[in-house]
Amino acid sequence: MRKSTLPLIASLSALLLPLAVVAPAAAETTDVVLVQDSMTRTVAKGLGSSPDGTTYDASPVASVSVANGTAKLNAAAPGATVSARPIGLSVADSTQSTVFTLPKLPKSGSGVYMSLQSRLTADGFYQTQVRVDPKGVVLLETLRVNAGVQTTLGYTWVPELRVKAGVPFVLETRLAGTDAVKIDARVSAAGTKPSAWKLSVTDRAAKRLTAEGRTGVRLYVSRSTPALPVLFDDLRVTAKEEATPTTPTTPTTPTTPTTPTTPTTPTTPTTPTTPTTPTKPAGGAPVWNVAGTRTAAGSAVVGSTNYPVPAGALFVRVGATSGGSGSAEAPFASVQSAVDRAASGATLVLRGGTYHESVVIPSGKKLTIQSYPGEAVWFDGSSAASNWQSSGGRWFSADWKYDFDSTPSFTRGEADGTAAGWRWLNAAHPMAAHPEQVWIDGVAQTEVASLAALKAGTFFTDVANDRLYLGSDPAGHSVRTSTLTKALSLRGEGAVVRGIGVRNYATSVWMMGAVTVEAPRATLENVVIYDNASTGLFVGSSNATIRDVTLARNGLMGLGANYADALVIDDLLAVENNAEHFNTSPVSGGVKIAKSRGVTITDAALLRNDGPGVWLDQAVYDVRITGSDIIENRGAGAFLELSQKIDFVNNLVLRNVGNGVKINNTGGVNLWNNTIIGGDRAVNIVQDSRSATDASVPGHNARRPFPDPTMPWLIRDISMGNNVVGESAGNCTVCVEDYTHRYTPAQLNIRTDGNVVQRNGAAAPTWFVIWSRGTANVNPYVFSTWATYRSTTGQDANSTAVEGRPATDRSGRLLPGITAAPRSIPAAVSAILGAVSPSIGARFP
């Protein structure tokens, strides 16, 4: 087992030796406590760190918190999943337990599922779960999940336990073995003596999971059940440590009768699941969770790149003597001094270290900034805070001398909007636009608006009196605060930045980004940009290339772009951006692009952003989005708005909270070979009253003639083929509506065929399809059956409808037995997919 983040592992090196699969006699083993967490802390987002050093990744992190001695998993919507897993712990045989409490019973539907997970790797996991229905009836189950396919190994009803609102109960599971994996489970009222194991199963299948893996707690609220929170507490994970670290020759008698299994060395797991909350591997670079995606998108680990050092390069090193010449022996002491001295065309090589700088590459200088081979280079906008004083249960430092601008707009000094869709600030998060940031031992603190609101886990900046207040005692802890606003401004044409990390800058919204591209032909490669106060990266000029870049937990957006013609985005990872929870509109999420022409996005992973995964808005023309995974974003997966000529091909769009794909006043769209599962409406095509001939409507490209003949803002000429679409949480699966009642289906020329279209039941969603009629004052067609839809519209003649069961597994792969007749691929789509035979859905390696 491995748990690099726990201090106790240093004294448990014997645990790294082979474990006997059967349980030895008590005299020969001891129970080693790997996790014992009573949740005695306050954390607004995530679980923070326990007294023994346990840290967690939480997904979504905003749905997990700790207060009043318990942790909360807060499902945001029906069908939502929330999880929390200790970071760095990997174990094969273990016993786990936790105390769950339902503050309220589910109101309706199938109920809520509370689980403990074991041996979680990229290959799958075991899960012991309790389902509680609206009457408090308990079902205990054990599952194995391989590549998203769930297999029930055993289940039993628990009639002796009836769950009541506010009354805690204990779930416990024990797992051991490799040739045969034995799983025991029980559930009992808290405070009572546990009974014998209620459910025992043995997994001997070829797909059994034998490797070490992670453990965790999980909540799932069924799609038929209104969202609700669940509390958990007293999380405990233990394992057996052998007194003699050599493999025993004769297996000891197991405590639960079974056939002893010859001890083996635990199989090394394949690719471990990467935690949501970044860990710090060698080199210090964070790693975010991209499990379940098809592509290893994002930057290389900071410190792992190996760019050649050209002859004549200028060197920079933190702490170097000032006045250096830039040679390897006498490097510059700061990046800006190197930029100022360098001639156009030079390469600046940064030695490993943390650079607390704001750097501007001026117009007229074409420079390359790169890390020294194998060395970790960070631009860090934060500084250590000290000189703390205590006052009435609060702690303050008078060293705070900063006054950052909190304008909630791209125009400095402009007040927040008032019209619907133009309010930046969410009433639940009024401090979102304030760039101040504070971390205690690396855990982000939440900013509050007044000293009276200060409590543990929060901070307040008293600008008038130059004081920074904390609600948690900083004694013995590292406290860092953002003290710089920008990292890099690239104003010289042809700038290249590669192999570095950028973090912790107090960037105001109107500054556009912690890193800004302000001149043509810039390249960013293997760059990590995270935990900045507003937008991570902004591209405001043409011919930029963004390759192998990670944008994570930035306050507003991962990447914003405007007037970014010929923009190339390749292997981008944008994860958990809009961390400050601005309103979804007018700006938020993973990637938002406006007023740009000739854009390509390939092999990206856009995950768990609070807003759309990718948003094309206002006169974006000629776009290719392909090979990308757009998963579990809280807005639409893909929002194509007021734009034209888009190839959206071979994308995996899964479990987004808004629409899966929304096409709004946008035409010339090829929607082919995608898997679009989940969302309020899986595919939503909408025409509203905004007109391309109305100059008063925002969104026109001032560089183009008015009206722009290439930008009609109509849902016309849309082709849908060979997609898998389903599991809509709203009122329809495929929805085509013209709110203006101006256009007939023939005029719109929307064509769909060769798809698999799924719904969960005969009335879930209410309608299979909504289809525009284009007649004044007449509502669109609504089709509750597939046959009526096809016979009325003539669409989807070769498509397959699936009702009452899923069409895909959790990874998005078609389940066995579900097929359709794929259609011939249009030339534009064939140019993307290559010379391949037609198939259904997104393509997997």
Side-chain angles (χ1 to χ4, degrees), residues 357-363 379 381 404-414 416-417 422 424-425 432-437 482 484-493 495 497 502-524 527 529-546 549 551-565 567 569 572 574 577-580 582-583 585-596 599 609 611-612 614-620 698-699 701-703:
E357 291 192 55
S358 295
V359 174
V360 177
I361 297 180
S363 176
F379 282 73
F404 299 122
D405 187 88
S406 59
T407 298
S409 167
F410 286 148
T411 302
R412 185 176 186 178
E414 184 177 72
D416 196 6
W422 290 97
W424 293 70
L425 297 178
H434 286 254
E436 298 85 6
Q437 300 184 113
S482 292
L484 296 178
T485 61
K486 289 285 293 283
L488 291 166
S489 300
L490 309 181
R491 299 172 184 169
E493 183 171 343
V497 178
V502 175
R503 63 192 179 197
N504 303 349
Y505 282 81
T507 310
S508 297
V509 172
W510 57 267
M511 294 176 179
M512 306 308 293
V515 178
T516 52
V517 174
E518 303 171 40
R521 281 173 275 282
T523 298
L524 272 73
V527 173
I529 305 174
Y530 79 103
D531 278 3
N532 300 289
S534 59
T535 298
L537 169 64
F538 178 78
V539 180
S541 195
S542 64
N543 295 95
T545 298
I546 310 301
V549 168
L551 307 169
R553 284 194 329 218
N554 295 293
L556 176 58
M557 283 190 296
L559 184 150
N562 190 40
Y563 293 153
D565 296 346
L567 172 62
I569 300 173
L572 173 76
N577 294 289
N578 193 18
E580 292 293 338
F582 288 83
N583 279 329
S585 294
V587 170
S588 69
V591 173
K592 186 171 184 184
I593 301 172
K595 300 183 182 70
S596 302
V599 175
N609 298 286
V614 59
W615 189 354
L616 308 181
D617 185 21
Q618 301 188 348
V620 187
N701 187 339
R703 302 173 302 164

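Salt bridge annotation for Asp565-Arg703: present, with a cationic side-chain nitrogen under 4.0 angstrom from a carboxylate oxygen. Of the charged side-chain nitrogens involved, none lies within less than 4.0 Å of a carboxylate oxygen, so that Arg503 and Asp531 do not count as a salt-bridged pair.
At a threshold of 4.5 Å between non-hydrogen side-chain atoms, the residues Tyr530 and Leu551 do not count as touching. Side-chain contact check for Val359 versus Phe379: some heavy-atom pair is nearer than 4.5 Å. Between Thr523 and Val497, the closest side-chain pair of non-hydrogen atoms is not below 4.5 Å. Taking 4.5 Å as the limit, every side-chain heavy atom of Lys595 sits out of range of all side-chain heavy atoms of Val620. Residues Ile546 and Val539 meet the side-chain proximity criterion, which asks for heavy atoms closer than 4.5 Å. For the pair Leu524 and Val515, the minimum side-chain heavy-atom distance is below 4.5 Å.
With Ser482 contributing its side chain and Asn504 its backbone, the two residues share a donor-acceptor pair below 3.5 Å. Between the side chain of Asp416 and the backbone N or O of Trp424 there is at least one donor-acceptor pair closer than 3.5 Å. In this structure, the side chain of Ser534 engages the main chain of Thr507 through a donor-acceptor pair within 3.5 Å. Put simply, the side chain of Ser508 never gets that close to the backbone of Trp510: no donor and acceptor are under 3.5 Å apart. Not a single donor-acceptor pair under 3.5 Å links the side chain of Ser588 to the backbone N or O of Phe582. No donor-acceptor distance shorter than 3.5 angstrom exists from the side chain of Asn583 to the backbone of Ser585, with no hydrogens or angles considered. Ser596 contributes a side-chain N or O that, together with a main-chain N or O of Ala594, makes up a donor-acceptor pair within less than 3.5 Å. Using a distance-only test at 3.5 Å, with no hydrogens or angles considered, a donor-acceptor pair links the side chain of Asn554 to the main chain of Asn532. Put simply, the side chain of Asn609 gets close to the backbone of Ala574: a donor and an acceptor are under 3.5 Å apart.
Considering all non-hydrogen atoms of both residues, Tyr505 and Gly381 come closest at CE1-N, 3.3 Å. Nearest heavy atoms, Met557 versus Asn577: C-CB, 3.9 Å. Shortest non-hydrogen contact noted between Gly589 and Asn578 is N-CB, 4.1 Å. Across all their heavy atoms, Ala564 and Ala561 have their closest contact at CB-CB, 3.9 Å.
Within the model, atoms OG1 of Thr407 and CD of Glu414 stand 8.5 Å from one another, a figure rounded to the nearest 0.5 Å. Here the CG-CD1 distance, from Leu616 to Ile593, works out to 5.5 Å after rounding to the nearest 0.5 Å. Considering OG of Ser363 and CG of Leu490, their distance stands at 12.5 Å, rounded to 0.5 Å. For the atom pair Arg521 CZ and Ser541 OG, the distance stands at 8.0 Å (nearest 0.5 Å). To the nearest 0.5 Å, the span separating NE2 on His434 from CG on Asp405 amounts to 9.5 Å.
The ring-ring contact (aromatic ring centres under 6.0 Å, His included) test applied to Phe404 returns Tyr402, not counting sequence neighbours. Not counting sequence neighbours, the partners of Asp617 by the side-chain contact (heavy atoms from CB on, under 4.5 Å) test are Lys592, Trp615, Glu641, Leu642. With sequence neighbours left out, the side-chain contact (heavy atoms from CB on, under 4.5 Å) criterion links Thr516 to Lys486, Ser489, Met512, Glu518, Phe538.
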